[in-house]
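Structure, as structure tokens:
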Amino acid sequence: MSSSVTGVIQDLERILLTPAQISTRVTEMAARLNVELAGKVVTVVALMDGGLFFVADLLRGLEIPVRLFTLSASSYQGGTDTSGEVKVNWPANIELRDQDVLLLDDILDTGLTLDIISKRILAEQPASLRTCVLLSKRRQRLRDVPLDDAGFEIDDEFVVGYGMDYQGRFRNLPCIGILNPNKPS
Ligand code: IMP
Ligand code: MG
């Protein structure tokens, strides 16, 4: 890891997933999608900003034609607890009818975000809908979200890095880690 991120890494209590572990798993997920979606054109609906690195890495592993739409959804008000309210920025030009849709997000926590977005996608009458996340927290969901693939199951702890933030910071960490409770100052 480059020395430029060393200072940020000191804000972590521990590293949960190294860049190599993430890369290996994302490559496996892409390989599975290449088999399952062979012969199709995939319409990816990707949730930002947390999904930024996952989506970029996964899509570069896909060998099938891809169309990409990004959505902004936020259920957190800058802290580590969900506000229970999901705000979605639905693009005006999105066209999902009869498409094979792949919904991607960084992390499945309460399920509120993917529940509202997958219902919205299904209302557009796609040919199919697959949902994949990089991380799935082991916890009771507030909504039961059908998941086709999760990169890693993790304990119910707040994680940052590889796109995921705490109060807007730490997205640029190449690893995924647990924040040091005494930091950041
Ligand atoms: P859900 O609606 O509770 O399932 O939350 C999903 C969204 O909350 C994810 O797309 C993330 O943006 C954010 N989120 C949930 N848990 C974490 C976390 O541990 N770290 C950073 N963001 C999180
Ligand atoms: Mg998110």
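Note that ligands are numbered from 1 as they come in the structure, with each ligand's atoms numbered from 1 the same way.
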Just checking D144: does its CG atom have more than 12 heavy atoms from other residues, nucleotides or ligands closer to it than 6.0 angstrom? no
Atoms of ligand 1 less than 4.0 Å from [X] heavy atoms?
X    : answer
L112 : 2 (O), 4 (O)
T110 : 1 (P), 2 (O), 3 (O), 4 (O)
K137 : 16 (N), 17 (C), 18 (C), 19 (O)

Geometry only, no angles: is M164 polar-contacting ligand 1 at N/O separations under 3.5 Å? no
Below 3.5 angstrom, do we get any N/O pair linking V159 and ligand 1? yes
Contact check, [X] vs ligand 1, heavy-atom distance below 4.0 Å:
X    : answer
R143 : no
I107 : yes
D105 : yes

Run the side-chain hydrogen bond (donor to acceptor under 3.5 Å, both in side chains) test against S118 and tell me which residues pass, sequence neighbours left out. none
Verdict with reasoning, L12 to V160, per side-chain contact (heavy atoms from CB on, under 4.5 Å): CA-CA 9 Å; L12 297 183; V160 294; 3.6 Å; yes
Counting only heavy atoms, which portion of [X] has something under 4.0 Å from ligand 1: side chain, backbone, both, or neither?
X    : result
D165 : backbone
D109 : both
E157 : backbone

Among all residues two or more places apart in sequence or in another chain, which pass the ring-ring contact (aromatic ring centres under 6.0 Å, His included) test with Y162? F53
Rounded to the nearest 0.5 Å, how far does CZ of R169 lie from CG of L179? 8.5 Å
For the atom pair CG (L96) and CG (L129), what is the distance rounded to the nearest 0.5 Å? 9.0 Å
Between E153 and the options R139, R25, R138, the salt bridge (charged side-chain N to carboxylate O under 4.0 Å, His left out) test singles out R138
For atom 4 (O) of ligand 1, which of G111, G51, G50 has the closest heavy atom? G111
Pairing of D109 and R141 as salt bridge, 4.0 angstrom limit: no
